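Reviewing the structure listed below.
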Amino acid sequence: MKKNSDKDRKKAESLLARMSLDEKIRQMAGHGGLHSALPFTYTLAPYPTPDNKRLKISGLIFTDGPRGINLGKSTCFPVAIARGATWDPELETRVGHAMGLEARSRGANALGAVCVNVVRHPSWGRSQETFGADPCHIGVMGAALTTGLAQNVMPVIKHFACNSIENSRFKVNVQVDERTLREIYLPHFKKCIDAGAACVMTAYNRVNGNFCGQNNHLINHILKGEWAFDGFVMSDFLLGCRNTAMSLNAGLDMEMPQRFFYSKVAIKRSMAEGKISLDTINKAVARILLQKVRFGLTGEGEVKTGRGPKIHPALALEAARKSMVLLKNQDRALPLERGKIKSIAVIGKLAGLANMGAIGSTQVNPPYSVSPLEGLKNKAMGIEIRHCPWKGGRFKKALDLAHRADAAIVFAGLTRYDEGEYFPFICGGDRKSLELPRNQEDLILSVAKVAKKVIVVLQGGGAIACGAWIDHVDGLIMAWYPGMEGGNAIAEVLLGDVNPSGKLPLSFPVSTDQLPEFDCKARQATYDYWHDYRYFDHMGVQPLFPFGFGLSYTRFTYSDLRIEQDRIGPEVKIAVSFDVTNTGKQAGEETAQIYVGFKNSSIDPRSHKELKGFGKCLLQPGETKTLNVEIQGKDLGYYCEADRSWKVEQMVYSVYVGASARDIHLTGSFRII
Ligand code: BGC
């Protein structure tokens, strides 16, 4: 979908000029959205704002995201963090395009699928909804999804900002200094804005004392002011808006999903009291109308339904295949080759479950789903598959089965009851520990004692600490919540039909206590400069699996780093090129990461290194390809609080090219003068 043109602006202005105050106010809030209060009713219907029949303006019809759309029987894609593990923005744009088509064909015109909050700590219960822990990576993936969605629906980007604690999301005050806010928690939102976001949803929490839905600094100053965002700003649902005048004056244009504070009575009262001006109302409505014009919701030319397939199983399968991360493969334990392996013991109740992630706003009800057990049976072709759905209690049956088979696969991990959007006493919430439940760890260790070969397949929406048992297993795959085709993708990777290429979009610690404490009940939380690989680098600590890590059934080498600058000064563009060669025996895809190091910096704090770009290539055995990645000088800057501006230091910067944050193959440098 095109961005706004002057013609669109004129049309929006003319509609605004023809509206009465009552009509304007009706544009500014939802109606009939109370079913968002419970997880089981969430997906029953979309969340509308009223039509204006007189002026032929359609209301918004909002539905949610991010692993597919909430309505009807729709494609359940792998969760966003799994898609983050693909490091594949081109694929993500296709996923966005498909989600937009499905949303349109079910009557919706706005989709809250682009969650780009940073996983500041992996205990965050909603980690599965975002792409990972790094602002550069999240920004690229979020922008790709936004681009795809915008071809059919209004992309809604959320939750602005610093929303990374779930259980206390309605009350926690995030204390964050301006530099950390600008460098760690906001840049990816800006990338989504530049990619064509129509709407930004604010977060529930406070930032530096003010609720995000009434945070003048975040909305008016940064988003609408500095970034010149010309879309509109919507509240998160029910408790996202708490005060008519404070929210409106801070720049919140729309209350969702119900009109409590943006009702006719409340707004007119605030106007009569002199707390809000007509100009503020006009500006808010103008923004909403501009996006409605852009997306064909005004008058003739209105697009109510998109054309295209109703579901996208092939795309869901492709995304699931590419999201699988091979974390350990001792002595080439994987793949389980059909000629060599005659029987597999499949252990754990998660094997028999199509485990698709949290419920509530992210729930998708697909037309069908494939569990890992079904996937293995579908693809076994002669291998005997026997399942023990161990659900707790004694392990005897599972161990007998494991002992007799050529290989045992233990399916372990989390479900919607362990993490996700928090509905007290029902499901979801933050995680208290990053380890697997104790009985699952014991099961893995017991199976490892008796099996000839033991492979663990993990499911979950974030990092799982495997330090207690990793040395005892031969193979480990992180499968996330892999969507409705997940079972097939898992089987294909296990059996070697697909060569795994996913890489972690966040670090996996050895154990929970390797990280700072996470208080899910916090009323106050300080977000400092350090998290994920920046934290591990800063503390000199080795995670179990670093950010960006993922193995393949083949091997890659890196060579011939070239670094070129097109000019002198901070506006410089740095072209980084290098070669990647597949030195193994089968085709495979590699994601190479480019980090920039700041060891010469005089600014404190400054990261040891930061991801500044990445590239992906598919290589046949023996093949070499050149990857080219461009780094913009402005992306090397730090935010100077004293001058309230971005500055690029004049110094020598290091370049690290590698297969993960801790597996650097090539180093170089460039100077900015
Ligand atoms: C969630 C948002 C979601 C909204 C509407 C809220 O509870 O925090 O992520 O977009 O509901 O579904």
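In listed order, ligands and their atoms are each counted from 1. Remember, it's a predicted structure, so these values are computed and weren't measured experimentally.
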Practice task
Look up atom CG in Asn167 and atom CZ in Arg169, then write down how far apart they are to the nearest 0.5 Å.
Solution key: 9.0 Å
Practice task
Just jot down the ligand 1 atoms closer than 4.0 angstrom to any heavy atom of Phe237, in number order.
Solution key: 4 (C), 5 (C), 11 (O)
Problem - Geometric N/O contact His159 with ligand 1, under 3.5 angstrom - result: yes
Exercise for the section: Assess Met256 for proximity to ligand 1: is some non-hydrogen atom of it under 4.0 Å away? Expected result: no
Handout entry: Any Met234 side-chain heavy atom under 4.5 Å of Thr202 side chain
Key = no
Handout entry: Any Gly112 heavy atom less than 4.0 Å to ligand 1
Key = no
Handout entry: Parallel, tilted or perpendicular: rings of Phe170 and Tyr204 (30°, 60°)
Key = perpendicular
Problem - Element-labelled atoms of ligand 1 that are located less than 4.0 Å from some non-hydrogen atom of Met201 - result: 10 (O)
Problem - Basic-acidic side-chain contact under 4.0 Å: Glu255, Arg259 - result: no
Handout entry: Enumerated ligand 1 atoms positioned under 4.0 Å from heavy atoms of Arg169
Key = 7 (O), 8 (O)
Problem - Between Gln27 and Asn52: side-chain donor-acceptor atoms closer than 3.5 Å - result: no
Problem - Sidechain N-carboxylate O distance under 4.0 Å for Asp236, Lys158 - result: no
Practice task
Measure the distances from the heavy atoms of Tyr42 to every atom of ligand 1 and state whether one is below 4.0 angstrom.
Solution key: yes
Handout entry: Identity and separation of the nearest protein heavy atom to atom 6 (C) of ligand 1
Key = Asp236 OD1, 2.9 Å
Handout entry: Separation of Tyr185 OH from Asn163 CG (nearest 0.5 Å)
Key = 11.5 Å
Practice task
Could you check whether the rings of Phe614 and His137 sit parallel, tilted or perpendicular, using 30° and 60° as the cut-offs?
Solution key: tilted
Exercise for the section: State whether the shortest distance between N or O atoms of Tyr47 and N or O atoms of ligand 1 falls below 3.5 angstrom. Expected result: no
Handout entry: Atoms in ligand 1 flagged as close to Ser361, the criterion being non-hydrogen separation under 4.0 Å
Key = 1 (C), 3 (C), 9 (O), 11 (O), 12 (O)
Exercise for the section: Could you find the nearest protein heavy atom to atom 3 (C) of ligand 1 and give me its residue, atom name and distance? Expected result: Asp64 OD2, 2.9 Å
Practice task
Have a look at ligand 1 and work out which part of Glu166, if any, has a heavy atom under 4.0 Å from it: side chain, backbone, both or neither.
Solution key: neither
